[in-house]
Number of protein chains: 2
Amino acid sequence: MGRAEKKRARQERLVREIGKNPFLKDEELAKKLKVSVATIRLDRTELGIREYRERIRDVAEHSADGTGDCGEVLDFNLFHDGISILNTLDAAVFEDSTVVKGQAMYAYAENLALSVINAKSALIRVANIKYLREVNRGDRLVAKYEVMRVKNSEYVVWVRIKKDMSEMFRAKFNLSVTDEREI
Amino acid sequence: MGRAEKKRARQERLVREIGKNPFLKDEELAKKLKVSVATIRLDRTELGIREYRERIRDVAEHSADGTGDCGEVLDFNLFHDGISILNTLDAAVFEDSTVVKGQAMYAYAENLALSVINAKSALIRVANIKYLREVNRGDRLVAKYEVMRVKNSEYVVWVRIKKDMSEMFRAKFNLSVTDEREI
DNA sequence: TGTTATTTATGAGCAGGTCATAAAAACAAA
DNA sequence: TTTGTTTTTATGACCTGCTCATAAATAACA
């Protein structure tokens, strides 16, 4: 292996390792990849990977924040529909695998459904979920969400998530708004 | 207010504030409660509340671990049913409120459903969710889960969650096992 | 008034970094 | 073999958000 390929291979591995376990410190990564801590830091900055503490905070905010992750919003029409790109890099996965848990997909869908009706807080009455295909950590997903019906403060919102044009996940929520966000 | 009551009141408030938002640093807490940072630190150690970074890590680990929270398991019969007590103290809530998010309830239910069929990893095909009543952070919930049907590796599992005898949440999962855990 | 609980301040030390800089090593091409 | 370039490693100053120990200031109460 030439110098450049070695570097590339290592950086790829770095991404995988941190993707698998964001709770690895530079020192631990250095041991794993058998290079110096300085190299790990260099690689991280080249790859735009944040430091240990910030990664941890991201994961925590993700799970605890009030607003909820709606991904990168490409299109959005309040009370109508929207399109988002979801990055599954820090979604919860099953032990020793890269398979994203249903609960992570559900959380995405719920966040999107709430966002499209501008609900800071809403009671979900019913949720019907269909998992069509296995999602893996790192998959780049496109979510389309749409308000299908409104009656009083009762909404029906659909969320459909695709990867490479093929549908992975579908959800239908019946929501009743209790508290609208000022626009 | 005497000296001791003032202290007690402040410490109670401290617990509430951190409970509501674990992402508060001592400096921010000091401003909120209008005391010095030193006092906050003293209060924290007296109350056994861990420091900012450790709190964040706790939240992150909680959300990122592969196993999933199944609460305190009171009764459990593999492939049949079980009963758990769920502590909602660190469930995700809506902004500025104590209302537990649907996604937190869903995650509990999914974890329970997976545990009862001994599935380290499983594909959920369908989930039907009914939210009957609002759950608040701190509510002590009792969850009963039961395998209703099995055919090949296809399971139907029900999860019902109650608080004080009244039903709060109901879920039905259709799961297909892909990887059984050794017993 | 002094005594005592409570609060605040100060300084050293730690983990896990950033950033800038420099030296060393590895390799490719002349 | 020597030179040039990339890649890796090392070093030191600085940062945040703490802990821990110690001391000083403030306030409550008898």
Side-chain angles (χ1 to χ4, degrees), chain A residues 1-67 87 89-90 92 137, chain B residues 1-65 89-90 92:
Chain A
M1 250 199 292
R3 57 200 168 173
E5 298 95 83
K6 223 166 137 183
K7 186 179 176 182
R8 241 205 17 244
R10 188 191 55 233
Q11 294 198 342
E12 270 169 26
R13 188 162 163 223
L14 188 62
V15 171
R16 277 207 317 278
E17 291 290 351
I18 295 182
K20 248 183 16 200
N21 178 11
F23 295 81
L24 288 169
K25 294 163 191 168
D26 286 352
E27 194 121 12
E28 297 164 325
L29 288 162
K31 254 178 213 160
K32 245 186 213 285
L33 307 209
K34 299 200 193 308
V35 286
S36 72
V37 172
T39 305
I40 295 293
R41 309 238 226 249
L42 248 180
D43 284 348
R44 268 202 304 103
T45 44
E46 277 179 23
L47 295 164
I49 298 176
R50 329 181 57 186
E51 65 164 279
Y52 170 81
R53 286 166 301 204
E54 290 176 354
R55 292 197 303 271
I56 300 316
R57 213 189 42 216
D58 287 349
V59 177
E61 271 169 358
H62 212 227
S63 90
D65 69 353
T67 54
N87 163 301
L89 264 177
D90 36 39
R137 180 179 261 158
Chain B
M1 252 200 289
R3 57 200 168 169
E5 298 95 83
K6 223 166 140 183
K7 187 179 176 183
R8 242 204 19 242
R10 188 192 55 236
Q11 294 197 343
E12 269 170 27
R13 187 160 165 225
L14 187 63
V15 171
R16 277 208 315 279
E17 291 291 350
I18 295 182
K20 244 177 29 193
N21 178 10
F23 295 81
L24 288 168
K25 293 163 192 168
D26 288 351
E27 194 122 12
E28 298 164 324
L29 288 162
K31 254 179 212 159
K32 246 185 213 282
L33 306 209
K34 298 200 193 311
V35 285
S36 73
V37 172
T39 305
I40 296 293
R41 310 239 224 246
L42 250 178
D43 284 349
R44 267 202 307 102
T45 45
E46 278 180 23
L47 295 164
I49 297 175
R50 330 181 56 184
E51 65 164 278
Y52 170 81
R53 285 167 302 204
E54 290 177 353
R55 291 197 303 270
I56 300 317
R57 217 191 38 219
D58 287 349
V59 177
E61 273 169 356
H62 203 250
S63 91
D65 70 355
L89 265 176
D90 38 37

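The side chain of A:S36 contributes an N or O atom lying less than 4.0 Å from OP1 or OP2 of D:dT9.
Here D:dA21 presents its P atom at 13 Å from CG of B:L42, a figure rounded to the nearest Å. The interatomic distance linking B:E46 (CD) with D:dT19 (C1') rounds to 16 Å, in whole Å. Counting to the nearest Å, the P atom of C:dC27 and the CD atom of A:E5 are 11 Å from each other. Across the protein-nucleic acid pair, B:L33 atom CG and C:dT7 atom P stand 11 Å apart, rounded to whole Å. In this structure, A:K34 places its NZ atom 17 Å from C1' of D:dT9, rounding to the nearest Å. Separating the NZ atom of B:K6 from the C1' atom of D:dA27 is a distance of 9 Å, rounded to the nearest angstrom. Atom CD of A:E28 is separated from atom C1' of C:dA15 by 12 Å (rounded to the nearest Å). Between A:R41 atom CZ and D:dT11 atom P there is a gap of 14 Å when expressed in whole angstrom units.
Residue B:V35 is the one, among B:R53 and B:V35, whose nearest nucleotide of DNA chain C lies closer to the 5' end (criterion: closest heavy atom).
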Original post:
Is there a salt bridge (charged side-chain N to carboxylate O under 4.0 Å, His left out) between A:E51 and A:R53 once you walk through the steps?
Top reply: CA-CA 6 Å; A:E51 65 164 279; A:R53 286 166 301 204; 2.9 Å; yes

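In this structure, of D:dG17, C:dT8, C:dT18, it is C:dT18 that holds the atom nearest to the side chain of A:E51.
Looking only at distances, a side-chain donor or acceptor of A:R55 sits under 3.5 Å from a matching main-chain atom of A:L24.
If you check every strand for non-hydrogen atoms under 4.0 Å, B:R50 touches nothing. Here A:R44 lies in heavy-atom contact (under 4.0 Å) with sugar-phosphate atoms only.
Contact check for A:R57 versus B:F23: side-chain heavy atoms found under the 4.5 Å cut-off.
With sequence neighbours left out, A:E17 forms a side-chain hydrogen bond (donor to acceptor under 3.5 Å, both in side chains) with A:R13.
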